[in-house]
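Everything on this sheet refers to the single structure shown next.
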Amino acid sequence: MIRNAQYTDTKELVEFIEKFHREKSDLADVPFDRGSMVSYIDYHIGTPKHVVYVYEHNNEITGFILGGLEPFPHNKKLLWASDGMFISDRGGVALLKRFHAWAFANKAKRIFQGVSTGDGRADALYEAVGMKRTGGMYVVCQEGS
């Protein structure tokens, strides 16, 4: 089942994200700050033109997506959408479809989503909902960090 997240979901979402961060994320070298994550989630729950959807299975959150709408920098009259975070052990395609439907219903002209894992699962999910890779992201880290 997919539903809008509530502030009462924040603790469970933080635990879900922290587990993913430790075990699967290519960002595991970045220290996890629970307070920052609480603020990030709550901001998206409570801010207009932002959304957080959770996927529940057997009364447990097994996936979520959060994101929002922004004006294009080169044309402020048009909007684009992006996920700020998307993690799913179950319900990924349904979450993506719900987020895309929300974005397009709110006049987004494009949806951009990134990938922060190298296991190929996110790529397969994005392709399953009709998304196409249009480039990539290069990363450089500060030496010693």
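Atoms considered below: every heavy atom in the structure, side chains included; atoms not considered: hydrogens, waters and symmetry mates.
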Tell me, do [X] and [Y] make a side-chain contact under 4.5 Å, heavy atoms counted?
| X | Y | result |
| --- | --- | --- |
| M1 | Y55 | no |
| T62 | V54 | no |
| L66 | D83 | no |
| R3 | R98 | no |
| R133 | D123 | yes |
| I41 | F64 | no |
| F99 | I111 | yes |
| E60 | E12 | yes |

Within one Ile-Leu-Val-Met-Phe-Trp-Tyr cluster: [X] and [Y], side-chain cutoff 4.5 Å:
| X | Y | value |
| --- | --- | --- |
| Y40 | Y7 | yes |
| F112 | L96 | no |
| Y43 | I45 | no |
| L78 | W102 | no |

Problem set entry | Closest approach of L13 to A5 (non-hydrogen atoms, all atoms of both residues) |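 So the two residues come closest at CD1-CB, 4.3 Å.
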Problem set entry | Non-hydrogen atoms of L95 and G63 that approach each other most closely |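 Looking at all heavy atoms of both residues, the closest pair is CD1-C, 3.6 Å.
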For this session: Begin from the C-alpha positions of V129 and H100 and carry the test side-chain contact (heavy atoms from CB on, under 4.5 Å) through to its verdict.
Result: CA-CA 9 Å; V129 297; H100 293 182; 3.7 Å; yes
Could you tell me the separation between the [atom1] atom of [X] and the [atom2] atom of [Y], rounded to the nearest 0.5 Å?
| X | Y | atom1 | atom2 | value |
| --- | --- | --- | --- | --- |
| I61 | K11 | CD1 | NZ | 12.0 Å |
| H50 | L69 | NE2 | CG | 7.5 Å |
| Q113 | M131 | CD | CE | 4.5 Å |
| M37 | F16 | CE | CZ | 12.0 Å |
| I2 | K97 | CD1 | NZ | 10.0 Å |

Exercise. Using 30° and 60° as the class limits, which term best fits the ring planes of H21 and F32: parallel, tilted or perpendicular?
Worked result: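 It falls in the tilted class, 30° to 60°.
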For this session: Over 60° means perpendicular and under 30° means parallel, so classify the ring planes of F72 and W80, tilted if in between.
Result: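 Ring orientation of W80 relative to F72: tilted.
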For this session: Go through the steps to decide whether I17 and K19 satisfy the test side-chain contact (heavy atoms from CB on, under 4.5 Å), and finish with yes or no.
Result: CA-CA 5 Å; I17 295 164; K19 182 177 187 271; over 6 Å; no
Exercise. Step by step, would you call N106 with L79 a side-chain contact (heavy atoms from CB on, under 4.5 Å)?
Worked result: CA-CA 9 Å; N106 283 280; L79 297 173; 5.8 Å; no
For this session: May I have the step-by-step check of side-chain contact (heavy atoms from CB on, under 4.5 Å) for D9 and Q6, ending in yes or no?
Result: CA-CA 5 Å; D9 295 314; Q6 305 297 314; 3.8 Å; yes
For this session: Decide if atom CZ of R34 counts as having more than 12 heavy atoms of other residues, nucleotides or ligands within a radius under 6.0 Å.
Result: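 Yes - once you tally the heavy atoms of other residues, nucleotides and ligands closer than 6.0 Å, there are more than 12.
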Exercise. Crowded around K76 NZ? As in, over 12 foreign heavy atoms under 6.0 Å?
Worked result: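 Counting neighbours around NZ of K76, more than 12 heavy atoms of other residues, nucleotides or ligands fall under 6.0 Å, so yes.
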Exercise. Excluding sequence neighbours, so at least two apart, what forms side-chain hydrogen bond (donor to acceptor under 3.5 Å, both in side chains) with N4?
Worked result: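 Checked N4 against side-chain hydrogen bond (donor to acceptor under 3.5 Å, both in side chains); zero matches.
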